[in-house]
Every structure is written in structure tokens, then in C-alpha cells.
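Here is the structure we will look at, set down as C-alpha cells.
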Amino acid sequence: MTLKLYNTLTRCKEEFKPLAPPLVTFYVCGPTVYDYIHIGNARVFIVFDVVRRYLNYRGYRVKMVQNYTDIDDKMIQRAREEGLTVAELAHKYITAYEDDAARLRIRPADLQPRATEHIEPIVKLIQRLEEQGLAYHSGGDVYFNAGGFPGYGQLSHQAPDELLAGARVEPGEWKKNPLDFTLWKGRKEGEPAWESPWGKGRPGWHIECSSMAMHYLGETIDLHAGGADLIFPHHENEIAQSTGATGKLFTRYWLHAGYLNIEEKKMSKSLGNVLTVRRLLEEYNPLDLRFFILSAHYRSPLNFSRELIGQARAGRERLQEFVDNLYRALPGAGTETTGLEEKIRSELISAWRRFDEAMDDDFNTAAAIAVLFELAREGNIYLQKGHPYQRELLEQLLNYFREVNELFEILEIRKPVSLDEELRRMIARREEARRKKDWALADHIRNELQARGIILEDTPHGTRWKHKPGR
RNA sequence: GGCGACAUAGCCAAGUGGUAAGGCAGAGGACUGCAAAUCCUUUAUCCCCGGUUCGAAUCCGGGUGUCGCCUCCA
């Protein structure tokens, strides 16, 4: 089986062949830490974390770098608004990011460098561009000479003159050409600044990513990812800077995640519909958010609404229920067989294959999740008809879900905790009442337990309980 | 204006040539003291019009509609 992925640069699904397998070098454009991250950011980080996990699962050794942009115009402006220094602001929102990401079960990249800690390699890269005649010093700033780089526009598939039509020059800029962009900004009063051959100043936005990507991962990296809105100008400019300096192919495969819209509209400050992860986590289970995001293909636009999260939650709970029921069936299981086991085992093998095929096809998480639903249905048939259950089979199913969950992390896979003495006694009293067909008392106790978050289910093989699903 | 994406059941969403996965919601049924959970059954002229093909949701052309990028943005 071969892994295929869609490369924005070629606009084709291509077979994935890393430069130096099993190593895969992977750079993801991280957050500008001037605010809490929103659900659209979260989609990008969740999706590419899953990509990384899947590559690991496929036997690659992934080296993943995700940066923090901790100096730029937005940082400076926001720091003023909040009455903090830029460094304090960065610290505040990096901490917030780490917290939000952890709650969303996003695993940190192997390296999370900050722009301000890499001024030296950034300066060196700009110097290399100067040597190539691709950078010029003008009005205190240093600009990239876009016209001097023949491949400009290759990622966004636009000819330079077409891009020019929409380009603008901000007041106070000293560009020779509207497509040129800042590599180094000269210091203005009250702004953080670092020493450089061009005087005090700070790096431009695009150069930090080129610099850090190459610094940690080499001049040609395998994978480079971000939101679709980074295609132009950010990633276009990264290519121009990197290849401009080295003469080498910068990124072999470009991956871009689709937008997440709110109620059919793009999220934007001006519409006032930006949903921060922080805010959403007050209301929703993080696993529901992950399930929702992974239930669509990563490149498709995805609409966010209360109703859609509700649908996702209901679906996820079905899978969660199955896993919980496997656990609950385990204590009574043994070596007896009912003849159903072979059928379920072959379903498991089939699911395994189809799951991998789906993921090999440009990380089709939606199709992969469908496979899990089908396996859960087969498993439920076994739980319904296979009593007293073969322990080995239950464990195989559980192990498979555990393995898949290492990739998606959409389920809690853990043994049910035991209830405290008082609740256990209530359940026993209800059992007694049911034996005596005292339905009024039995139902009363059941309601009582429900009010305390415990749901009872009477199965042919005894009563079982579960916690009321959260949120 | 340039570039591009998308249009599949009430809702969400896979599927890129061989007569439509999966989920949610709904309806009916089985099981249950009642529930819950689960299982079974059930719901699609694949936006429209042409064309290519033995055969198209899938390819080509033309419409229509929605959205995005071209400007900070994940």
C-alpha cells in the first residue's frame, strides 16, 4: 500500500516518498501568539497532528517543527492594547496555546521554536538573499525582490502580473514593486528591536518560517503545512526566500487545510464570530470537537454550528458506547466460543485494511471513521448474541480501537471506574425491587440515580450502569 | 477582472467510469415490566442542459448557484 497525498504545489495527489526514509521532516506554521486560538486554528493543528501520528503509525520517523510567531505588527499592537510588553504578551498566549492544545489532545511538535530566539539565522538568511541580488535595503527596511525570483507565483498558480492587479503598497513602505515583501523592518519608536547589519529592527513575517524550517529540518523539507489562507502570500513567499537563497527545492509536499466557517460565514473579527477554543471548551467536550473536525476531509471547507456539533456528539457517543460495552463485557468473558467469533474476527481484519486504505488516500479521516462505525455494528451484534463472550476476541477489538484511537484520539478508552458503596447499594436495592416486580420502587431508584449522573441499563445478562455522557 | 474550490437524502459526509459508504434526525419492527443500549427494515431522478462511452455522481463542454484566494488572516 502506498500513501498518497494532495500536494498544493502540483495540484495532484502524489505518492509520498520522503527524501530520506524513514525520516520525514515536517514543518507546520504555528500560531501568532497575540490572542487565544480559535476553532479554525484548532482544525489545522488537530488535522496535522493526526497526519503526523499516522505517518508514525506507518513506520516513518517524523521530525515535526511548529513555530510560534512572537514578533510582528499584530503582536506590537496587541501588546499596547493590553498594556504588556511584546515578550509578556507572547508568554501569556504561548501558555494559553499550550493549555488549549493539551485540552484538545494535540501533541506538541518535537520542536516549537520562537522567531525572537532565531534572529541570528534569520539575519544570515537575509544576507544570503542580498548576495543573490534578491534583497534590497530601502528606507530603513530590507525587502525581497519578488521580480528577481523566476518561480514567483508557483504555489498559488498565479502569474506575477495577475497577482500585481490586487497588490497594494501600504503607506510608509519603500517597496520598489508591489509584490516585494519585507524581510527586515527598521526599528520604530517603542518597538522591540534586534541588532542587524541594516541597523536595529525586527524580522518580517515570512522570513522566520523559512529560516526556522531550514535551520531545524534542512534546506529541503518533506512536508510543509498550514491553513489554506497561507498559500498566498505566506507560503509563496517562503518558497521565494528559501529557494532564492539555496537554489534548492524548499518543500516537497505542501499540505493545506480547508477553512472552518461559522454558520456558513468566514470567521473574522469584523463579523464578530470568532470562536475561541477556550470559549468552546466551556461548552463542549474536546473529544466531540475532534470527532467533528475529523468527520470531514481535511481539505474540505467545514461549517461549524451548534447543531453540527450535536450530530457529531451523538455519533461519537455511539462509538464510545461500544468501547465501554466491550469493557463491561470483559469480566464475565472466558474461553467459550459461540461460533460467531470467526465472523467478527474477519470483520476486524477487513476494517483494519479499509481503515488504512482510507488514511493512505490523502488522510481520508471521514472514510476511516465510517469503517469504525461498521466495525462497531458488527461488534455490537457479537455483544448481543455472543454471550458469554470469548475474552480473546473482546480484547482484540479493544486493542484495535485503542490503536486507532492513538491516531484520532476521539474516544476515552479506559476501564469503567467502580461506584462508591452507597450507589452500589442503591443498585442492589433496585435489583431486589425488580425481582419482586415492585416497578414503582425500581423506577424511583433509577430516577434517583439518574439525578446523580448514573444511567442504568437492564440487559439480558444483568443490569449495568454508566455515567451520563458529559456535555 | 484574474485564479481556484465546491454543488451527493431533512441535516452532516465518503465515493473520480460499472447502476450510490458511514453518521445524525425521522418512521416501523425486535428485545425490555417500562426505559436505555443494541440489532433489523425504511428514506437519493448524485444542481441543470448537452456530449464522450456498452456503461458517468465520477470524464468533456456550456449554464446556474455557493464559497475562497488575489490585502492581515489558520
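If you take atom C1' in U53(B) and the same atom in G29(B), they sit 44 Å apart, rounded to whole Å. When the P atom is compared between C47(B) and U8(B), the two are found 6 Å apart, to the nearest whole Å. Comparing the P positions of C48(B) and U58(B) gives a spacing of 10 Å, expressed to the nearest Å. A gap of 44 Å separates the C1' atoms of U43(B) and C70(B), to the nearest Å. G15(B) and C49(B): their C1' atoms are spaced 24 Å apart (whole Å). A35(B) and A44(B) have their C1' atoms separated by 34 Å, given to the nearest Å. Comparing C73(B) with U16(B), their P atoms are spaced 34 Å from each other, to the whole Å. Between the C1' atoms of A27(B) and G10(B), the separation comes to 13 Å (whole Å).
Residue E321(A) is tested with R316(A), K466(A), R377(A) for a salt bridge (charged side-chain N to carboxylate O under 4.0 Å, His left out); the sole match is K466(A). If you run salt bridge (charged side-chain N to carboxylate O under 4.0 Å, His left out) between D360(A) and each of R354(A), R353(A), R58(A), only R58(A) comes through. Partner of K13(A) under the side chain to side chain donor-acceptor pair (under 3.5 Å) criterion, out of N7(A), D361(A), D362(A): D361(A) alone.
Between the C1' atom of C12(B) and the CD1 atom of I309(A) lies a distance of 11 Å, rounded to the nearest Å. Note: CG (L163(A)) to P (C70(B)) measures 10 Å, nearest angstrom. For the pair L319(A) CG and G23(B) P, the interatomic distance rounds to 9 Å; values are reported in whole Å. Atoms CG (D288(A)) and P (C24(B)) sit 13 Å apart, rounded to a whole Å. Look at CG on D362(A): it is 17 Å from P on A13(B), rounded to the nearest Å. The distance between atom CZ of F181(A) and atom P of U71(B), rounded to the nearest whole Å, is 13 Å. The nearest whole Å value for the distance from the CD atom in E236(A) to the P atom in C70(B) is 12 Å. The separation between H256(A) atom NE2 and C67(B) atom P is 23 Å, rounded to whole Å.
Comparing H206(A) and A312(A) along RNA chain B, the residue whose closest nucleotide (by nearest heavy atom) sits nearer the 5' end is A312(A). Both D361(A) and L260(A) lie near RNA chain B, and the one whose nearest nucleotide falls closer to the 5' end is D361(A).
Phosphate proximity of C72(B) to Y34(A): absent, as no side-chain N or O sits under 4.0 Å from OP1 or OP2. The phosphate of C67(B) has neither OP1 nor OP2 within less than 4.0 Å of any side-chain N or O from N261(A). A close approach under 4.0 Å does not occur between any side-chain nitrogen or oxygen of K265(A) and OP1 or OP2 of C67(B). At the phosphate of A74(B), neither OP1 nor OP2 sits under 4.0 Å from any side-chain N or O atom of T69(A).
With G23(B), G2(B), G68(B) as the candidates, the nucleotide lying closest to the side chain of Q311(A) is G23(B). Picking from C11(B), A21(B), G4(B) the nucleotide with the shortest atom distance to the side chain of A370(A) gives A21(B). Ranking A14(B), C72(B), C69(B) by closeness to the W205(A) side chain, first place goes to C72(B). Side chain of Q158(A), nearest nucleotide from G2(B), C24(B), A13(B): G2(B). Side-chain proximity of A314(A) to the nucleotides C3(B), C24(B), C11(B) is greatest for C24(B). Proximity note for L308(A) (side chain, C-beta onward) versus C11(B), C73(B), G68(B): the nearest is C11(B). For F232(A), taking side-chain heavy atoms from C-beta onward, the closest of the listed nucleotides A21(B), C69(B), A25(B) is C69(B).
Aromatic ring pairs are classed by plane angle as parallel below 30°, tilted from 30° to 60° and perpendicular above 60°; the pair H235(A) and W254(A) is tilted. Ring geometry for Y152(A) versus F232(A): interplanar angle over 60°, hence perpendicular rather than tilted (30 to 60°). Using a 30° and 60° split on the angle between ring planes, Y389(A) and H387(A) fall in the perpendicular class, above 60°.
Summarising the base pairing, C34(B) is matched to no nucleotide, lacking a Watson-Crick or G-U wobble pair whose two defining distances lie under 3.5 Å. Pairing partner, C69(B): G2(B), with both Watson-Crick or wobble hydrogen-bond distances short of 3.5 Å. When both pairing distances are held under 3.5 Å, G17(B) makes no Watson-Crick or G-U pair with any nucleotide shown. Nucleotide G26(B) forms a Watson-Crick or G-U wobble pair with U42(B), both donor-acceptor distances falling under 3.5 Å. Checking A57(B) for Watson-Crick or G-U wobble geometry (two distances, each under 3.5 Å) identifies no partner in any strand. Using the Watson-Crick or G-U wobble rule with both distances under 3.5 Å, U52(B) pairs with nothing in any strand shown.
At least one side-chain heavy atom of F149(A) sits less than 4.5 Å from a side-chain heavy atom of F144(A).
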Exercise for review: Would you please test R452(A) and E448(A) for salt bridge (Lys or Arg N to Asp or Glu O under 4.0 Å) and show each step?
Suggested key: CA-CA 7 Å; R452(A) 296 162 80 154; E448(A) 193 86 339; 5.2 Å; no
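Here I231(A) lies out of heavy-atom contact (under 4.0 Å) with every strand. Heavy atoms of G226(A) sit under 4.0 angstrom from primed sugar atoms or phosphate atoms, though from no base atom.
For a distance-only test at 3.5 Å, the side chain of H38(A) qualifies as a donor-acceptor partner of the base of A74(B).
Looking at Y27(A) and N67(A), their side chains do bring a donor and an acceptor atom within 3.5 Å of each other. In the model, T69(A) has a side-chain atom that pairs as donor or acceptor with a side-chain atom of E208(A) under 3.5 Å.
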Nucleotide by nucleotide, nucleotides 31-39 of chain B touches protein heavy atoms under 4.0 Å in the pattern (B base, S sugar-phosphate only, - none) --BBBBSBS
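D229(A) meets the side chain to side chain contact (heavy atoms under 4.5 Å, CB included) test with Y259(A); sequence neighbours excluded.
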